[in-house]
Amino acid sequence: MDRSDGFFKKVYETARLIPYGRVTSYGAIARFLGAPGSARMVGWAMNASHNLNDVPAHRVVNRKGLLTGKHHFEGTDLMQQLLENEGIQVIDHQVIDFDKVFWDPNKEL
DNA sequence: ATTCTGACGTGGG
DNA sequence: CCCCACGCCAGAA
């Protein structure tokens, strides 16, 4: 059916756990799921999550804090707008104070 | 079936 | 910090 059980579902749940005003990286989620080398699959799952509204994909960035996925959002600045709306400062598609707003599931959970 | 790509990450230089 | 090469697995052509 629509909900693939396993990896995808875990990605969605983890993404939902991201607190307000925080961001995480694909690799962090992938490692939390037990797939440290399959960070790409997290991004792929996010692409599938495009239909879901409970998955704040805009809070997920790459390890550099760069909004690599902004290209897949509507318009051209939507992802940045959402992050700034949460109090996250974003300049040139890059998250400022990334180490401060970074939320690591392995560390926080 | 094969081949390529892709919202990434890590390691070496 | 940058650049290059490899690995990872799912999906599309």
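FYI, side chains are in, hydrogens and waters are out, and symmetry mates aren't considered; it's all heavy atoms of this structure. Residue numbers start from 1 in every chain, and the chains themselves are labelled A, B, ... in the order their sequence lines are given, proteins ahead of strands.
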| task | Rounded off to whole Å, could you give me the CD-to-C1' distance for the Gln94(A) and dA7(B) pair? | result | 17 Å

| query | Nearest-Å distance, CZ (Phe8(A)) to P (dC8(C))? | reply | 18 Å

| request: Could you tell me the separation between the CG atom of Asn106(A) and the P atom of dG9(B), rounded to a whole number of Å? | output: 13 Å

| query | Do Tyr20(A) and Arg59(A) come within less than 4.5 Å of each other through their side chains, counting heavy atoms only? | reply | yes

| message | How many whole angstroms separate atom NE2 of His71(A) from atom C1' of dT5(B)? | response | 16 Å

| message | Quick check on DNA chain C: between Ala39(A) and Trp44(A), whose nearest nucleotide comes earlier from the 5' end? | response | Ala39(A)

| Tell me: CZ of Arg31(A) to P of dT10(B), nearest whole Å? | 6 Å

| remark: Leu33(A) CG to dG9(B) P, in whole Å, measures 13 Å

| task | Please check the phosphate of dG11(B) (OP1 and OP2 only) for any side-chain N or O of Arg63(A) closer than 4.0 Å. | result | no

| Phe7(A) CZ to dA7(B) P: how many Å, rounded? | 16 Å

| task | Describe the nucleic acid contact of Asn62(A) in one word from base, sugar-phosphate, nothing, applying a heavy-atom distance below 4.0 Å. | result | sugar-phosphate

| said: Using only atom types and a distance under 3.5 Å, with no angle test, would you say the side chain of Ser25(A) pairs donor to acceptor with the backbone of Ala28(A)? | reply: yes

| Among dG6(B), dC8(C), dA7(B), the nucleotide that comes nearest once only the side chain of Met41(A) is considered | dG6(B)

| query | Going by distance alone, is a donor N or O of one side chain under 3.5 Å from an acceptor N or O of the other, for Glu86(A) and His58(A)? | reply | yes

| Side chain Tyr12(A), main chain Val55(A), donor-acceptor under 3.5 Å | no

| remark: When rounded to whole Å, the NZ to C1' distance for the pair Lys64(A) and dG9(B) reads 10 Å

